[in-house]
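Here it is, the structure, as structure tokens.
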Amino acid sequence: MEQQAVLTYDGTLEGFLCCVFTAFEEKLKVVNISPPGAQVGQQLFTVPREVITEPQKAKRVWTSLKKKALPAGLRDLKWAFLSEVSGMEMHMFSMIRYILAENMPVDRDFSHPAVLNVAQTAKKVGREKHRMEAFVRFRLTKDEVYFAAIEPDFNVLPLIKSHFKNRYADQKWIIYDLKRNFGIAWDLYVVNYITLDLDPAIGISGAPEAYFHSSEIAFQKLWDQYFTSTNIKSRANQKLHVQHLPKRYWKYLTEKNFQK
Amino acid sequence: MDYERIKEKLSILADAAKYDVSCSSSGSKRKNTTKGLGDSSGMGICHSYTEDGRCVSLLKILLTNHCIFDCAYCVTRKSNDIKRAAFKVQEVVDLTIHFYRRNYIEGLFLSSGIFKDADYTMERLIRVAKKLRLEENFNGYIHLKSIPGASDELMREAGLYADRLSVNIEIPTKSGLKLLAPDKNHEDFIKPMEKVKNEIIQYKQESRLIKSTPKYAPAGQSTQMIIGASGESDRDIMYSANFFYKKYNMKRVYYSGYVPVAEDPRLPALNSQVPLLRENRLYQTDWLLRFYGFDIRELLNEQNLNLDLEVDPKLSWALRNRHLFPVNINRVEKQLLLRIPGIGLKSVNKILQARKFRKLNWEHLKNIGIAMNRAKHFITCDSQEFEVKEPSSEYLKNVILKTSSSKFRKEIGTQLSLF
Ligand code: SF4
């Protein structure tokens, strides 16, 4: 009987690609791929095997994918990976196998279940990326850094980095993912990944005086006024409002948290 | 900065500007190449939504609501007894910058009541934009209102700093305009439009020859019409829209259901409903013109002066043209695919992609996400079951209405899930 393999990796995209490499090279029948600490279903007769990340191997897999898939398909794979949805690795693995087996590019063949699943997941990640670009609210700190804290569903900081870098080139800013406890920080020259020990009092909205610039609260007030005045009452449509602005994002929005 | 004073002005001048529905901030391609502030090369982002479900992407305000004119449909009109205020140029610049830095907005949409005269007003608007670009190194989005009657010279300058310029035609028919805005004339609207159009063309040609040609209104022009204020038909509105798209290369025409702002025998009563559903149908028609290859005469004509409020305009058209259906989803060319009710642009592209790999059946089509309750009556696919039984159009319409969700039956839903 063919050996069933359960692979674990270090949680990075490169690590995952090394699992793909190993599976191909050793012709393994892979039943699961998961990052450390994930709940691996009790598999009789199988021992999880830890795959060591070797950038060379990861690169080789990616290069062969590039030859057979369109940029959109590669993007979907990357984005779906950042969803951190458990079990996503197997869908990605199955999609990669399909791509490498066919001669013509099939990464847009949505009638293939894995391709569809990866594309749909990537779409969700894309939506979260877009929402973060929209709903991040910077607050000016005492030391003149524009600071925002977020708790995104997916790991989107790597995806929103360049958007904010292009847009806010002349101001220092930090966007911090409270859920994953790391952030991105622009110091006017480069974007760095950082971790901070944050006082919970800083919060997601508001402007506690201990941390924020004295003018910060005034601009929040002005924005709140604008938001109120630009609304047309006779067109009120709460359903549409919530559809565009799901309630779970309200915590970020100055205009939704302002204490009058 | 006197925050309290600014706040009061903001409340008055944002309130007065809110009836202009345009909030687009896309299409500019203005990149942040100087390490300054802002970038408008992307799609344009809605940073919030008002409680009526409209996108908030720009700081949309009037420079002042003092006005020498008395247009009946406008809150700002001279004869209206309201609080008046005016921003200083620097105040608008500061607000824009501080809001932008906090990621509240994509940029500024600045309009104004007309004080003194058209040129004086236009000159002030330009001064704001110029300051933002030259002093603040701002690359965010700027939309300026072209003031009807402003000189060519000023319109030329405006386009150098603004991404978009717009003149709101507001009333789609000349007779309506005469009735409701007697001191404005049609030519005053057309003149700045014409000028901006010509400048855009000229700049485009020059930039082909000389790479360093500055940008001129890269996001083009738009206009707006008020719906339901002057008894006009849908045909009047859409034929005007079509004219502006064709003649002045408009990027967008906006349709704004009239919100009663005054007791006036020439206008709908104060308590009348905002025609949101009608507005929605007009936007759908607009999309059919711009993206689906329809000619306006197919949708509205002598026999069909107004759109069917019960069903979307594409379905309505298909019900009048049953002889063209059913079509085979696996073979029909893109042009006709676009005309099938219940199939939107995205689905069309997905179908074109997917049918390269295999013949599509109902299951595939469902997964692609087309609106089956409408589409199934007009197509065949790789499957034995067909829905097409040749019932009358009237009967078919009722079947579809019964099986569709209530979204369009209640008068809700303005910002449209289109088709
Ligand atoms: S000129 Fe403009 S601001 Fe003045 S009343 Fe007419 S529509 Fe209103």
Side-chain angles (χ1 to χ4, degrees), chain A residues 102 104 106 108-113 116 130-131 133-140 146 148 163-171 173 175 188 215-245 249 253-256, chain B residues 1 3 6-8 10-15 17-19 31-32 34-39 41-43 45-56 59-61 95 98-99 101-104 137 139-140 257 259-260 273-274 276 350 353-354 356-358 360 364 367-368 412-415:
Chain A
E102 301 289 326
M104 68 173 199
V106 291
R108 305 284 83 194
D109 175 10
F110 299 118
S111 52
H112 186 282
L116 186 66
H130 187 77
R131 282 188 168 138
E133 287 169 357
F135 301 150
V136 155
R137 293 287 186 265
F138 285 121
R139 296 173 288 159
L140 184 59
Y146 286 85
H163 170 85
F164 284 100
K165 183 178 143 217
N166 291 339
R167 179 167 289 220
Y168 298 109
D170 75 339
Q171 71 191 46
W173 52 259
I175 304 172
L188 303 182
S215 69
E216 176 54 33
I217 198 72
F219 283 107
Q220 293 188 17
K221 240 186 238 178
L222 288 173
W223 177 246
D224 181 67
Q225 180 63 54
Y226 175 69
F227 185 75
T228 309
S229 300
T230 200
N231 182 39
I232 302 180
K233 285 213 180 69
S234 53
R235 295 179 63 115
N237 187 343
Q238 195 61 25
K239 198 174 144 198
L240 193 64
H241 176 62
V242 177
Q243 185 186 321
H244 284 308
L245 208 63
Y249 295 97
L253 305 179
T254 317
E255 60 272 26
K256 286 289 183 196
Chain B
M1 222 175 176
Y3 296 113
I6 300 274
K7 187 168 160 226
E8 197 193 349
L10 190 57
S11 72
I12 296 168
L13 296 170
D15 184 89
K18 69 189 178 187
Y19 301 99
K31 278 208 174 108
N32 187 357
T34 51
K35 268 204 136 187
L37 174 64
D39 186 291
S41 59
M43 284 288 292
I45 297 173
C46 296
H47 288 276
S48 191
Y49 289 86
T50 58
E51 276 161 27
D52 48 311
R54 290 176 309 144
C55 166
V56 177
L59 170 62
K60 181 166 29 176
I61 48 176
L95 266 182
H98 285 291
F99 281 180
R101 288 198 182 284
R102 285 168 173 75
N103 205 39
Y104 295 165
N137 199 2
N139 300 297
V259 179
Q273 285 266 322
V274 184
L276 295 179
K350 279 191 196 152
Q353 283 284 352
K356 283 189 208 151
F357 301 101
R358 56 182 54 75
L360 308 179
H364 295 134
N367 284 337
I368 280 172
I412 56 163
T414 56
Q415 273 282 332

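So that the names make sense, note that chain A is the first sequence line, chain B the second, and so on, each numbered from 1.
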- Message: To check you understand the geometry: which heavy-atom pair defines the closest contact between A:Ala134 and B:Cys46, and what is its length?
- Response: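 Smallest interatomic distance, heavy atoms only, reads CB-O, 3.3 Å.
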- Item | Atom pair OG/NZ of A:Ser229 and B:Lys7 - distance to nearest 0.5 Å |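 Spacing of OG (A:Ser229) from NZ (B:Lys7) equals 9.0 Å.
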- Item | Residue selection (most heavy-atom pairs with chain B, distance under 4.5 Å) from A:Asp170, A:Val136, A:Leu116 |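 It is A:Asp170.
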- Item | Contact leader toward chain A among B:Asn137, B:Thr50, B:Val259, where contacts are heavy-atom pairs under 4.5 Å |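 Looking at each option in turn, the highest pair count goes to B:Thr50.
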- Between chain A and each of B:His364, B:Arg358, B:Lys356, B:Lys350, count heavy-atom pairs under 4.5 Å; write down the option with the most.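 With the most close heavy-atom pairs to chain A, the winner is B:Arg358.
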- Message: Side chains of A:Glu255 and B:Ser48, heavy atoms from C-beta outward: is any pair under 4.5 Å?
- Response: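 Heavy-atom side-chain distance check passes, below 4.5 Å.
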- For the residue pair B:Tyr49 and A:His241, what are the closest heavy atoms and their distance?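 The answer is O-CE1, 3.1 Å.
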- Option from B:Leu13, B:Val56, B:Leu95 for which side-chain contact (heavy atoms from CB on, under 4.5 Å) with A:Tyr226 holds: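 Of the listed residues B:Leu13, B:Val56, B:Leu95, the side-chain contact (heavy atoms from CB on, under 4.5 Å) partner of A:Tyr226 is B:Val56.
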- Quick one: which of A:Ile232, A:Val106, A:Asn166 has the most heavy-atom pairs under 4.5 Å with chain B, could you say?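 Winner by heavy-atom pair count: A:Ile232.
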- Just give me the residue among A:His112, A:His130, A:Gln238, A:Glu133 that pairs up with chain B most often, heavy atom to heavy atom, under 4.5 Å.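 Ranked by heavy-atom pairs under 4.5 Å with chain B, first place is A:Glu133.
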- Message: Can you tell me which portion of A:Tyr249 sits under 4.5 Å from chain B's heavy atoms? Options are side chain, backbone, both or neither.
- Response: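 The answer is neither part of A:Tyr249.
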- Task: Please round to the nearest 0.5 Å and tell me the distance separating atom CZ of A:Arg235 and atom CG of B:Leu276.
- Result: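 So the gap between those two atoms works out to 5.0 Å.
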- Message: Taking side chain as everything from C-beta outward and backbone as N, CA, C, O, which of these in B:Glu51 sits under 4.5 Å from a heavy atom of chain A? Side chain, backbone, both or neither.
- Response: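 Looking at B:Glu51, backbone and side chain both touch chain A.
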- Item | Heavy-atom pair with the smallest gap, counting every atom of B:Ile45 and A:His163 |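 So the two residues come closest at CD1-CE1, 3.6 Å.
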- Query: Atom CZ of B:Arg101 and atom OH of A:Tyr168: how far apart are they, to the nearest 0.5 Å?
  - Reply: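 B:Arg101 atom CZ to A:Tyr168 atom OH measures 9.0 Å (nearest 0.5 Å).
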- Which bit of A:Val242 is near chain B, if near means a heavy-atom gap under 4.5 Å: side chain, backbone, both or neither?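 No part of A:Val242 comes within 4.5 Å of chain B.
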- Item | From A:Leu140 atom CG to B:Arg102 atom CZ, the distance as rounded to the nearest 0.5 Å |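 If we round to the nearest 0.5 Å, A:Leu140:CG and B:Arg102:CZ are 5.5 Å apart.
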- Query: Of all residues at least two apart in sequence or in a different chain, which pass the ring pair (Phe, Tyr, Trp, His ring centres under 6.0 Å) check with B:His98?
  - Reply: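 Partners of B:His98 by the ring pair (Phe, Tyr, Trp, His ring centres under 6.0 Å) criterion, ordered by chain and then number, come out as A:Phe219.
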- Just give me the residue among B:Gly257, B:Ala354, B:Gly36, B:Pro260 that pairs up with chain A most often, heavy atom to heavy atom, under 4.5 Å.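 Heavy-atom pair counts peak at B:Gly36.
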- For chain B, which of A:Arg167, A:Arg131, A:Lys233, A:Arg108 has the most heavy-atom pairs under 4.5 Å?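 Looking at each of A:Arg167, A:Arg131, A:Lys233, A:Arg108 in turn, A:Arg167 comes out on top.
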- Which residues share a ring pair (Phe, Tyr, Trp, His ring centres under 6.0 Å) with B:Phe99, sequence neighbours left out: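 Testing B:Phe99 for ring pair (Phe, Tyr, Trp, His ring centres under 6.0 Å), a comparison that skips the adjacent residues, returns A:Trp223, B:Tyr104.
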- Stepwise side chain to side chain contact (heavy atoms under 4.5 Å, CB included) check, A:Phe164 with B:Asn103: CA-CA 10 Å; A:Phe164 284 100; B:Asn103 205 39; 3.8 Å; yes
- Task: Measure the NE2-OG1 distance between B:His47 and A:Thr254 for me, rounded to the nearest 0.5 Å.
- Result: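 So the gap between those two atoms works out to 12.0 Å.
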- Message: Using side-chain heavy atoms (C-beta onward) and a distance below 4.5 Å, is B:Ile368 in contact with A:Phe110?
- Response: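 No, their side chains stay 4.5 Å or more apart.
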- What distance separates A:Gln225 CD from B:Glu8 CD, expressed to the nearest 0.5 Å?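 Those atoms lie 9.5 Å apart.
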- Compare every heavy atom of B:Asp52 with every heavy atom of A:Leu240, then report the nearest pair and how far apart it is.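 Closest approach of A:Leu240 to B:Asp52: CD2-O, 4.1 Å.
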- So do the side chains of A:Leu222 and B:Ile6 get within less than 4.5 Å of each other, counting heavy atoms only?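 Of all side-chain heavy-atom pairs linking B:Ile6 with A:Leu222, at least one is under 4.5 Å.
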- For B:Leu59, is it the side chain, the backbone, both or neither that has a heavy atom under 4.5 Å from a heavy atom of chain A?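 Both backbone and side chain of B:Leu59 come within 4.5 Å of chain A.
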- Message: With a 6.0 Å cut-off (strictly less than), is the heavy-atom count around NZ of B:Lys35, excluding the residue itself, greater than 12?
- Response: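 Yes - once you tally the heavy atoms of other residues, nucleotides and ligands closer than 6.0 Å, there are more than 12.
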